[in-house]
*Asks:* 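Below are the structure tokens for one structure; questions will follow.
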Amino acid sequence: MKLRQWTTVGAVAVATVAALNTVPATASRPYDPTAQSLATLGLRHGLHVGTAVNMDALNDASDPQYRKLVTSEFSSVTAENVMKWESLEPTRGSYNWGPADQLVDFAKRNRQSVRGHVLVWHNQLPAWLTSGVADGSISKQELRELLRKHITTVVNRYKGKIWQWDVVNEAVSDPWDTPSTLHYKGFWAEHLGPGYIADAFRWARAADPKALLFYNDYNIEAFGSGNPADDKTQFVYDMTKSLRARGVPIDGVGSQGHLGTQYGNFDTLQVTAALKKFAGLGVATAFTEVDVRSQLTAAVQAGNAEEINPRLQASAANFSVLMKACLAVRSCLSYTVWGFSDNHSWVPGWFDDPPEGLATIYDENYQPKRAYHELKSDLIFAGPPYVQPRVAPKPRR
Ligand code: G3I
């Protein structure tokens, strides 16, 4: 990696923090880091702490605390749903930009960065597209052209306003899929073959020379066996290496970080090692969708503290593992939670047998949980020599 290709963002972060901390510490009013937001504390390290934003909640006048916390606690925002293809182009040729525009404008007003999510994914595609392919009225050649047009149109609209784009999302299978040997899965690989991945990055780059272009996936927080047949992290690493070797403009790999307290998960050093290995390819990294869910047993639902407390503690520890690892690796540019409060989390709606929840850093009444305090203390107690300002790659041409 050429040193000149990297830009230090630490100086910018220090200046931003100075601007945010407008009230200087005095003898009578000492600086209290625990009173600072996650955003402010993150920027001490040049790290953006972000959240996915649910636009219905943001616009709900009866829920003002949601908007208040998005504004005050986070320095980066991601559209939870409104930049997905089914939202942007529900009817062929007719675009619904309103909610996505609103988020981008909101972020600008609040001096927040935007992670664009998502250009190419096999979920939340418009019905006209999937049914057209299924009934043969959209040919493979036309499908490829539709994808090029979609990427070009969306990236162009937000050109200069998006910091990181999730260009391709979740392209790789899991060991529980069939066949169990890891492979490129889903609608796009099935219809266009894996070459769509390189195409997507090239089309995105052509539309915006400055955005950082990311591949984004889950279950890639740490390496496993090292065999790409069953180690998803290794598979994604090999894919990234190959894309870089072919000059494809991929600038980053996003690790989603959807964890559960019922699983073994990872320790900080394992996750740090994985981020470092990706950094060795010259790409940025980021945690893009962090949450740590728990099973809602009957006792949890009945309010039994002996069942709830260990879950909250384990959840906090897992949030913290990812944060510490991110802080330790200078190429880890942002840490985004996938919703910040339990009343607006995708988890209960998705995992219902057995029911799961308690996945975020605030409870359903916007009270901060242990996880919030652990993230805060990780940001407060980190510093040189082990934690240094972030370094971001120059977008690859
Ligand atoms: O918009 C419809 C609405 O019209 C309808 O009345 C309602 C009834 O259920 O559904 C609404 O759509 C829901 C949509 O979110 C928008 O709210 C879908 O049912 C629901 O399945 C969808 O879930 C989203 C999920 O992606 C879909 O795959 C979650 O909110 C969103 O958090 C989740 O996010 C993904 C990331 O994009 C990629 N990584 C995994 C992550 C979690 O699954």
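Quick note: numbers below take in every heavy atom, side chains included, and nothing from hydrogens, waters or symmetry partners. We count ligands from 1, going down the list as the structure has it; atoms in each ligand are counted the same way.
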*Asks:* So, Asn227 side chain and Ala229 main chain: donor-acceptor pair closer than 3.5 Å or not?
*Replies:* yes
*Asks:* In terms of relative ring orientation, are His150 and Trp85 parallel, tilted or perpendicular, with 30° and 60° separating the classes?
*Replies:* parallel
*Asks:* Give a yes-or-no answer on whether the side chains of Asn81 and Ser87 include a donor-acceptor pair shorter than 3.5 Å.
*Replies:* no
*Asks:* So, Lys276 and Thr272: side-chain donor and acceptor under 3.5 Å apart, yes or no?
*Replies:* no
*Asks:* Could you pull out every protein residue that has a heavy atom closer than 4.0 Å to ligand 1, ordered by chain and then number?
*Replies:* Glu80, Asn81, Lys84, His117, Trp121, Asn123, Gln124, Asn169, Glu170, Gln256, His258, Glu289, Trp338, Trp346, Trp350
*Asks:* Just so I know, are the side chains of Asn169 and Gln256 near enough to count as touching, which here means a heavy-atom distance under 4.5 Å?
*Replies:* yes
*Asks:* Quick check: His344 with Tyr66 (ring centres under 6.0 Å apart)?
*Replies:* yes
